[in-house]
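So the structure is just underneath, and the comments pick up after that.
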Amino acid sequence: MRSKSGTNQFVASCFLIAAGRHRDNFSEAMSKVRVRVAPSPTGDPHVGTAYQALFNYVFARQHEGQFMLRIEDTDRARSTPQSEQAILSSLRWLGLQWDEGPDVGGPYGPYRQSERTPIYLEHARRLLEAGHAYRCFCTKERLERMRAENRDKKLFPGYDRHCRSISPDESARRAASGEPFVLRMKIPVSGECVMQDLLRGEIRKDWESIDDQILLKSDGFPTYHLANVVDDHLMEITHVIRGEEWISSLPKHLQLYEYFGWEPPVFCHLPLLRNNDPARSKLSKRKNPTSINYYRRAGFLPEALVNFLGLIGGSRAEGDEKFTLDELIRTFRLEDVSLGGPVFDLQKLRWLNGRYVRENYDTSRLRRALEEWALGPEMLERVIPLAQPRLETLSDWGYLTAFFFADAVPFDPAKLELKGKTREDLVTVLQLAVWRLEQAREFSAQGIENIFNDLARKFELKLRDMTRPFYIAITGSEASTPLFQSMAILGSDLVRMRLRRALEALGGISSKKLKEMEKLFESFYGPLA
RNA sequence: GUCCCCAUCGUCUAGUCGGCCUAGGACACCGCGCUUUCAAUGCGGUAACACGGGUUCGAAUCCCGUUGGGGACGCCA
């Protein structure tokens with residue numbers, strides 16, 4: 001249970017201006033509020049990112065501070081420019097415009113971590129020379145073995161500091177001889193780390209339970225921990241408002257601030273969005289649409305989505321649950337955010353969205369919104385060539401193309417079948433297709449066709465037999481416009497959502513079955529990122 | 001498993017330093033009204049302080065424990 005008085009005291013010391021007091025003394029300091037959202041461009045733009053961005057944005061606006069966007073693309077294997085683009089455009093769609101970022105620039109750039117490598121190397125060097133970090137030459141195999149053993153013995157599974165005792169001379173010699181290494185930070189071996197969280201007050205954690213974090217990977221790129229601390233300091237971030245999942249690595253971050261001799265920012269860890277399942281686990285794409293693009297393509301309005309995200313944070317504008325961003329900026333109180341992780345409740349989002357549609361749009365404005373969504377010339381000109389050969393009258397258009405302009409489509413589950421195969425087989429084919437489609441960087445008809453051809457070959461199916469259930473799931477019908485082109489027009493998010501619904505209609509997937517399918521997938525295509 | 005975080009209706013929450021709470025609102029659900037249908041809308045209803053100990057004249061509100069849930073334990077972020 002959060003200690004209200006303790007928290008309030010702490011909050012008071014940080015936010016006197018927010019309460020409108022002591023303006024004379026502190027307005028100068030408070031005008032320097034600088035916050036950031038720091039997404040990793042490794043996939044679809046996530047609603048969790050929007051959630052974090054929203055709170056940072058609102059907090060910055062309240063204090064007349066700066067809100068910046070920093071791209072954390074230090075994972076070279078998984079970061080893609082497409083993903084970065086998608087994140088930028090989806091946050092912009094939501095109206096959460098940043099003051100500094102990779103696209104708009106700013107005085108603290110570059111804002112893309114992959115362009116800041118020399119900065120991290122320099123800071124890593126400083127830690128190494130000061131004896132706060134050391135080279136680790138352990139192989140992946142050794143680490144895996146060690147972790148597995150310790151886990152079996154129910155011991156702390158962290159790194160055993162095998163290389164911490166190597167002398168600086170030997171370390172330098174081995175590095176010079178070309179032996180691969182990573183850089184690890186020295187974590188205190190005893191004592192307690194005392195942290196302050198804006199929402200929770202004091203948090204304590206034994207240093208014993210924390211291992212020597214890798215700061216520099218063997219590819220020479222920093223890990224999140226190093227890059228994030230260095231950047232937050234150099235970019236003069238005053239408040240780190242981020243997800244709860246980071247609490248457990250806060251000690252590492254604080255220790256880095258200390259090693260560098262820097263003043264740490266105020267930390268505020270927000271609860272994670274949850275799935276709408278009995279377990280209420282962290283919002284995941286397996287169980288929920290998590291991509292902002294899904295909501296956009298499914299016909300949600302950006303102002304409704306933003307309103308909804310603000311609403312479930314539990315810090316809402318006074319009165320009505322429907323409020324604008326400006327109203328949220330006026331009444332929001334960061335320190336009042338609810339600590340229980342909110343379930344992302346689609347039903348309530350739909351209701352709220354409906355209110356915006358009914359209350360904020362007149363006929364012509366709604367017509368424009370529909371055009372912008374999917375009824376514009378660009379979209380229609382993509383659909384028309386597919387429909388034309390199948391039209392006898394113009395009015396055939398309605399039923400033939402309805403699935404392009406829908407979120408979910410109704411279908412008969414009994415028709416979901418794979419010729420000569422079991423239901424289990426069909427589930428496997430659908431799930432592997434979902435995974436392959438997720439990996440596709442460009443969702444083009446040709447790319448989709450390649451994926452399907454390949455899957456058909458792997459499963460020894462005729463393409464036309466394999467695609468049949470996909471027609472049902474995606475278009476709701478056995479007879480429709482061509483599958484791959486239709487999928488490309490529908491877009492990755494709607495396609496995957498419909499396939500997920502089909503999987504549910506087939507009875508869902510047990511975790512055992514899921515494991516089997518992962519194995520099969522990896523035997524075909526390698527690691528499932 | 002270990003550590004950390006969290007805990008009010010099915011869901012989102014109100015509950016501002018303990019009394020005005022026989023716990024309020026919203027979504028969802030159910031019923032009734034309005035209506036050519038549906039939706040919208042109006043009215044009404046079902047529904048929660050996880051459990052056990054304290055502290056106190058008095059606890060949803062403070063403390064401890066239990067249980068439950070989540071997160072972390074990566075050369076991912």
Side-chain angles (χ1 to χ4, degrees), chain A residues 1-9 38-43 46 48-49 71-79 113 136 138-140 143-144 147 150-159 180-184 193 195 197 199-200 203-211 213-225 227-228 242-252 269 271-276 278-283 308 310-316 318-322 333 335-336 338-352 354-355 357-359 529:
Chain A
M1 176 58 70
R2 148 165 49 144
S3 156
K4 277 278 185 207
S5 57
T7 303
N8 286 346
Q9 224 172 17
S40 175
T42 53
H46 199 279
T49 303
I71 295 293
E72 309 237 332
D73 57 350
T74 54
D75 184 341
R76 289 193 311 167
R78 291 198 290 164
S79 297
Q113 290 187 328
C136 170
C138 290
T139 60
K140 273 192 173 136
L143 293 174
E144 262 166 44
R147 269 196 280 266
N150 284 346
R151 228 181 262 265
D152 286 348
K153 285 189 258 177
K154 300 196 196 301
L155 293 171
F156 176 59
Y159 179 56
F181 64 88
V182 299
L183 192 75
R184 287 183 186 270
C193 176
M195 308 165 258
D197 178 87
L199 293 174
R200 293 153 232 267
I203 301 173
R204 292 165 171 272
K205 194 166 164 60
D206 289 331
W207 283 114
E208 262 181 357
S209 67
I210 302 165
D211 71 350
Q213 178 60 47
I214 290 180
L215 299 176
L216 232 42
K217 305 179 243 185
S218 53
D219 65 4
F221 276 71
T223 55
Y224 171 85
H225 306 281
N228 152 69
R242 78 230 292 193
E244 198 177 19
E245 73 236 74
W246 294 110
I247 291 180
S248 51
S249 40
L250 182 54
K252 296 167 181 175
H269 293 90
L272 266 16
L273 264 22
R274 308 289 183 89
N275 287 313
N276 193 193
R280 297 161 56 89
S281 49
K282 174 163 86 166
L283 191 68
F308 177 70
L311 184 64
I312 62 178
S315 55
R316 60 195 206 304
E318 284 164 18
D320 200 349
E321 294 189 308
K322 176 170 170 247
R333 293 165 56 86
E335 62 271 32
D336 285 348
S338 290
L339 255 21
V343 167
F344 195 92
D345 183 0
L346 252 330
Q347 277 187 317
K348 191 145 186 178
L349 208 210
R350 290 181 68 88
W351 164 80
L352 195 57
R355 282 195 60 185
V357 170
R358 292 191 298 274
E359 297 170 14

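Every heavy atom of this structure was used, including side-chain atoms; hydrogens, water molecules and symmetry mates were not.
In this structure, A60(B) forms no base pair with any nucleotide, since neither Watson-Crick nor G-U wobble geometry is met with both distances under 3.5 Å. Nucleotide G10(B) forms a pair with C27(B), judged by Watson-Crick or G-U wobble geometry with both contacts under 3.5 Å. U55(B) is unpaired under the Watson-Crick or G-U wobble criterion, no partner having all donor-acceptor distances under 3.5 Å. As the counterpart of U2(B), A72(B) is assigned, both hydrogen-bonding distances of the Watson-Crick or G-U wobble pattern falling under 3.5 Å. Judged by Watson-Crick or G-U wobble contacts below 3.5 Å, the nucleotide A50(B) has U66(B) as its partner. With a cut-off of 3.5 Å on both Watson-Crick or G-U wobble distances, the partner of C32(B) is given as G42(B).
As judged by a 4.0 angstrom heavy-atom cut-off over every strand, Arg274(A) is placed among residues touching the sugar-phosphate backbone only. Nucleic acid contact for Thr74(A): sugar-phosphate only, since backbone atoms but no base atoms lie under 4.0 Å from a heavy atom of the residue. The residue Ser218(A) sits close to a base: some heavy atom pair falls under 4.0 Å. Leu272(A) comes within 4.0 angstrom of sugar-phosphate atoms only, judged by non-hydrogen atoms across all strands, and of no base. Within the 4.0 angstrom heavy-atom criterion, no nucleotide atom of any strand lies near Cys193(A).
Whole-Å rounding puts the Phe181(A) CZ to C75(B) C1' distance at 12 Å. Between the CZ atom of Arg200(A) and the C1' atom of A7(B) there is a distance of 13 Å, rounded to whole Å. One interatomic measurement links the two molecules: CG of Leu339(A) to P of A14(B), which rounds to 11 Å at whole-angstrom precision. Rounded to a whole Å, the NZ atom of Lys282(A) is 13 Å from the P atom of A77(B). In this entry the distance linking CD of Glu245(A) with C1' of C4(B) reads 14 Å, nearest Å. Here C27(B) presents its C1' atom at 16 Å from NZ of Lys322(A), a figure rounded to the nearest Å. Between the CG atom of Leu143(A) and the P atom of G74(B) there is a distance of 10 Å, given to the nearest Å. For the pair His225(A) NE2 and A77(B) C1', the computed distance is 8 Å after rounding to whole Å.
At A77(B), one or more side-chain N or O atoms of Lys217(A) fall inside 4.0 Å of OP1 or OP2 (strictly under the cut-off). Between Arg147(A) and G74(B) there is a side-chain N or O to OP1 or OP2 distance below 4.0 Å.
With RNA chain B read from its 5' end, the first of the two nearest nucleotides for Lys205(A) and Trp351(A) is the one closest to Lys205(A). Closest-nucleotide positions on RNA chain B for Tyr224(A) and Gln213(A) were compared, and the one nearer the 5' end corresponds to Gln213(A).
With C1' as the reference atom, G18(B) and U2(B) are 37 Å apart, rounded to whole Å. Annotation: U46(B) and A40(B) have their P atoms spaced 22 Å apart (nearest Å). If you take atom P in C12(B) and the same atom in U35(B), they sit 38 Å apart, rounded to whole Å. A48(B) and U8(B) have their P atoms separated by 14 Å, with the value rounded to a whole Å. The separation of U16(B) from A60(B), taken at their P atoms, amounts to 12 Å, rounded to a whole angstrom. With both ends at atom C1', the span from C62(B) to G19(B) equals 14 Å, rounded to whole Å. The P atoms of A50(B) and G33(B) are separated by 39 Å, rounded to the nearest whole Å. C51(B) and U11(B): their P atoms are spaced 15 Å apart (whole Å).
Glu321(A) and Lys348(A) are joined by a salt bridge, as a carboxylate oxygen and a charged side-chain nitrogen come within less than 4.0 angstrom of each other. Ionic pairing of Arg147(A) and Asp211(A) is not present here: no N-O contact between side-chain nitrogen and carboxylate oxygen is shorter than 4.0 angstrom. Salt-bridge check for Asp336(A) with Arg333(A): passed, with a basic side-chain N closer than 4.0 Å to an acidic carboxylate O.
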What protein N or O atoms touch nucleotides 8-12 of chain B N or O atoms at under 3.5 angstrom, if any, and at what distances?
{"unit_1": "U11(B)", "atom_1": "O2'", "unit_2": "Asp345(A)", "atom_2": "OD2", "d": "3.4"}
{"unit_1": "C12(B)", "atom_1": "OP1", "unit_2": "Arg280(A)", "atom_2": "NH1", "d": "3.3"}
{"unit_1": "C12(B)", "atom_1": "OP1", "unit_2": "Arg280(A)", "atom_2": "NH2", "d": "3.3"}
{"unit_1": "C12(B)", "atom_1": "OP1", "unit_2": "Val343(A)", "atom_2": "N", "d": "3.2"}
{"unit_1": "C12(B)", "atom_1": "O3'", "unit_2": "Ile312(A)", "atom_2": "O", "d": "3.2"}

Each nucleotide N or O in nucleotides 44-47 of chain B that has a protein N or O under 3.5 Å away: list the pair and distance.
none

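In this view, Arg78(A) and Asp75(A) satisfy the salt bridge (charged side-chain N to carboxylate O under 4.0 Å, His left out) rule, not counting sequence neighbours. Among residues two or more places apart in sequence or in another chain, the side chain to side chain contact (heavy atoms under 4.5 Å, CB included) test is passed with Lys282(A) by Glu245(A), Leu272(A). Residues meeting the side chain to side chain contact (heavy atoms under 4.5 Å, CB included) test with Arg204(A), sequence neighbours left out: Glu192(A), Val194(A), Glu202(A). In this structure, the side-chain hydrogen bond (donor to acceptor under 3.5 Å, both in side chains) partners of Arg242(A), at least two apart in sequence or on a different chain, are Tyr224(A), His253(A), His269(A).
Counting only distance, with no hydrogens or angles, the side chain of Thr223(A) and the backbone of Ile214(A) share a donor-acceptor pair below 3.5 Å. Distance alone, capped at 3.5 Å, is enough to place a donor-acceptor pair between the Lys217(A) side chain and the Thr74(A) backbone.
The distance from atom OG of Ser249(A) to atom NE2 of His225(A), rounded to the nearest 0.5 Å, is 5.0 Å. Considering NZ of Lys205(A) and CG of Leu250(A), their distance stands at 10.5 Å, rounded to 0.5 Å.
Of the listed nucleotides (C27(B), A77(B), C75(B)), C75(B) has the atom at the smallest distance from the side chain of Arg184(A).
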Practice item. Starting from the C-alpha separation in whole Å, work towards a yes-or-no answer on side-chain contact (heavy atoms from CB on, under 4.5 Å) for Leu339(A) and Glu244(A). Key: CA-CA 10 Å; Leu339(A) 255 21; Glu244(A) 198 177 19; over 6 Å; no
